[in-house]
Amino acid sequence: MHTISWVSGIVLALVFVILATGNALAVVSYFQNRRHVSAIPLFGGIAGTLACLLLPVEGLRPFWWVPLVVDYGSVPLFVGFFVMRIREAVRGDHGG
């Protein structure tokens, strides 16, 4: 069972790193080129969270929430979306 925790945790951690890096590069690309590149929502943050919960590393579990905050495609994307929608509603700009 210990081996399964290590292998699955490492695979999930790698998925997190790849997706979080891709999402970060999408943000950088937008600010450099003003060209929209879609982020991959939630998958990276969830993979990182599961990695934190599965990896048998002492002291890691309390940090399960960090991947959800670090990956732009997770909490930051959704917070930004809702802030943008609230601002549009306040301004009366409904995109039409």
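Because only heavy atoms are used, hydrogens play no part in the values below, and waters and symmetry mates are left out as well, while side chains stay in.
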Do [X] and [Y] share a hydrophobic cluster, counting only Ile, Leu, Val, Met, Phe, Trp and Tyr and linking them when any side-chain heavy atoms are less than 4.5 Å apart?
{"X": "W6", "Y": "L54", "value": "no"}
{"X": "V17", "Y": "L60", "value": "no"}
{"X": "V69", "Y": "W64", "value": "yes"}
{"X": "L12", "Y": "V57", "value": "no"}
{"X": "V83", "Y": "V90", "value": "no"}

| query | Out of D71, L19, V15, which residue meets the side-chain contact (heavy atoms from CB on, under 4.5 Å) rule with F43? | reply | L19
| field | Shortest non-hydrogen separation from P67 to C52 and the atoms involved | value | CG-SG, 4.0 Å
| note | Between G73 and A39, the two heavy atoms sitting closest are CA-CB, 4.4 Å
| said: Looking at R35 and Y30, would you say the former's side chain and the latter's main chain have a donor-acceptor pair under 3.5 Å? | reply: no
| query | Does NZ or CZ of R34 lie under 6.0 Å from the centre of the six-membered ring of F31, at an angle within 45° of the ring axis? | reply | no
| message | Would you call the rings of W65 and F63 parallel, tilted or perpendicular, taking 30° and 60° as the class edges? | response | tilted
Taking the side chain as every heavy atom from C-beta outward, state whether [X] and [Y] have any atom pair closer than 4.5 Å.
{"X": "T49", "Y": "F16", "result": "no"}
{"X": "P41", "Y": "S74", "result": "no"}
{"X": "H2", "Y": "P56", "result": "yes"}

| Interatomic spacing from CG in L53 to OG in S5 - rounded to 0.5 Å | 11.0 Å
| task | Could you tell me the separation between the OG atom of S8 and the CG atom of L55, rounded to the nearest 0.5 Å? | result | 7.5 Å
| task | Would you mind checking if E88 and R85 are paired as a salt bridge, meaning a charged N to carboxylate O distance below 4.0 Å? | result | yes
